[in-house]
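Whatever order the structure lists ligands and atoms in, that order sets their numbers, starting from 1.
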Amino acid sequence: MGKEKLIVALDVDTVDEALALVDKLAPHVGMFKVGMELYNAAGPDAVKKIIERGGKVFLDLKMHDIPTTVAKTARVLTRLGVSIINIHASGGLAMMQATASAVQDEAAVKGVQPPQVIAVTVLTSMDQNALNTQLNMAGTVEEQVVRWSKLAQQAGLHGVVCSPREIKAIREACGKNFTIITPGIRPAGVDKNDQERIMTPAEAVQLGVSYLVVGRPITQADNQVEAAKAIVEEIEG
Ligand code: C5P
């Protein structure tokens with residue numbers, strides 16, 4: 001179903017605002033993304049309340065630390081019952097492997113569904129010049145994204161978050177079962193806000209995206225339910 005592919009970004013900083021969106025949108029979308037803003041303002045309680053109301057949660061905390069610390073934190077997040085968590089691929093193979101196995105182990109011990117563990121590759125705010133001259137990484141952004149996607153796959157992660165323009169290369173490199181999540185999605189004719197390189201839902205789906213993260217085109221629409229339904233129709237179309 002098209003709506004399973006749609007993740008709404010809850011970029012708000014109070015539980016009340018988040019739950020108002022969840023109550024309205026839960027029947028029409030697949031998941032809600034809780035980012036650092038909401039999580040640091042309202043904590044695990046916000047996540048628990050969203051799940052209690054029938055919303056699935058992508059907890060977008062982009063963890064990056066030594067293997068033990070990230071793996072132990074991933075265990076805590078697994079117990080919360082979230083559906084997706086993410087970590088930085090630049091944390092390296094050992095960090096990603098430790099996290100993937102901690103999540104499986106914790107889920108088995110607690111008898112819960114393990115969340116998908118997803119890697120963040122090159123932040124879309126980085127361009128090739130910054131990659132080459134500041135981080136001293138050779139090659140293009142796309143090459144680095146593909147390199148890290150393969151490393152994430154080797155570590156046993158489920159997939160990556162990336163920009164829409166990298167979907168095709170990652171799909172080719174990592175195969176059809178690899179999860180690809182992209183923000184930067186704008187239906188035709190909608191305000192692009194501060195997003196630069198955008199793609200429509202239909203284009204991203206054609207390239208093989210697994211999940212689309214959409215924030216303001218839904219949350220700031222006059223009719224949020226209609227905006228979500230229109231995107232789902234485009235995904236299915
Ligand atoms: O409102 P909008 O649709 O632009 O929201 C996109 C969401 O995806 C936001 O939560 C934003 O932080 C996140 N995101 C992004 N670009 C990235 C990584 C995350 O827009 N490269």
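- At a cut-off of 3.5 Å, with distance as the only test, no side-chain donor of S149 or R171 sits close to an acceptor on the other residue.
- Contact annotation: for D11 versus ligand 1, heavy atoms closer than 4.0 Å belong to the side chain alone.
- Taking every heavy atom of both residues into account, F178 and L157 meet most closely at CE1-O, 4.1 Å.
- Residues satisfying the side chain to side chain contact (heavy atoms under 4.5 Å, CB included) criterion with D65, sequence neighbours excluded, are T69, V70.
- The two residues T14 and L38 make their nearest non-hydrogen contact at O-CD1, 3.7 Å.
- In P217, the part holding a heavy atom less than 4.0 Å from any atom of ligand 1 is the side chain.
- The protein atom (non-hydrogen) at minimum distance from atom 2 (P) of ligand 1 is R186 NH2, 3.4 Å.
- Close contacts between ligand 1 and R216 involve ligand atoms 1 (O), 2 (P), 3 (O), 4 (O) [criterion: under 4.0 Å to a heavy atom].
- Counting only heavy atoms from C-beta outward, the side chains of M126 and V141 never approach each other to under 4.5 Å.
- Looking at Q195 next to ligand 1, an N or O pair under 3.5 Å apart turns up.
- In this structure, Q220 does not count as a contact residue of ligand 1, since none of its heavy atoms falls inside 4.0 Å of the ligand.
- Residues E234 and P201 share a closest heavy-atom pair of OE2-CD, 3.3 Å.
- Contact between N193 and ligand 1 is absent, with no heavy atom of the residue lying under 4.0 Å from the ligand.
- In terms of N/O distances under 3.5 Å, ligand 1 is approached by G215.
- The protein non-hydrogen atom at the shortest distance from atom 21 (N) of ligand 1 is T124 OG1, 2.3 Å.
- Closest to atom 16 (N) of ligand 1 by heavy atom, among S163, A9, P183, is P183.
- Looking at K229 and V225, their side chains come closer than 4.5 Å, going by heavy atoms from C-beta outward.
- Not counting sequence neighbours, H158 has no partner by the ring-ring contact (aromatic ring centres under 6.0 Å, His included) test.
- For ligand 1 and V213, the ligand atoms under 4.0 Å from any heavy atom of the residue are 7 (C), 8 (O).
- At the shortest separation from atom 12 (O) of ligand 1 among protein heavy atoms lies K33 NZ, 4.3 Å.
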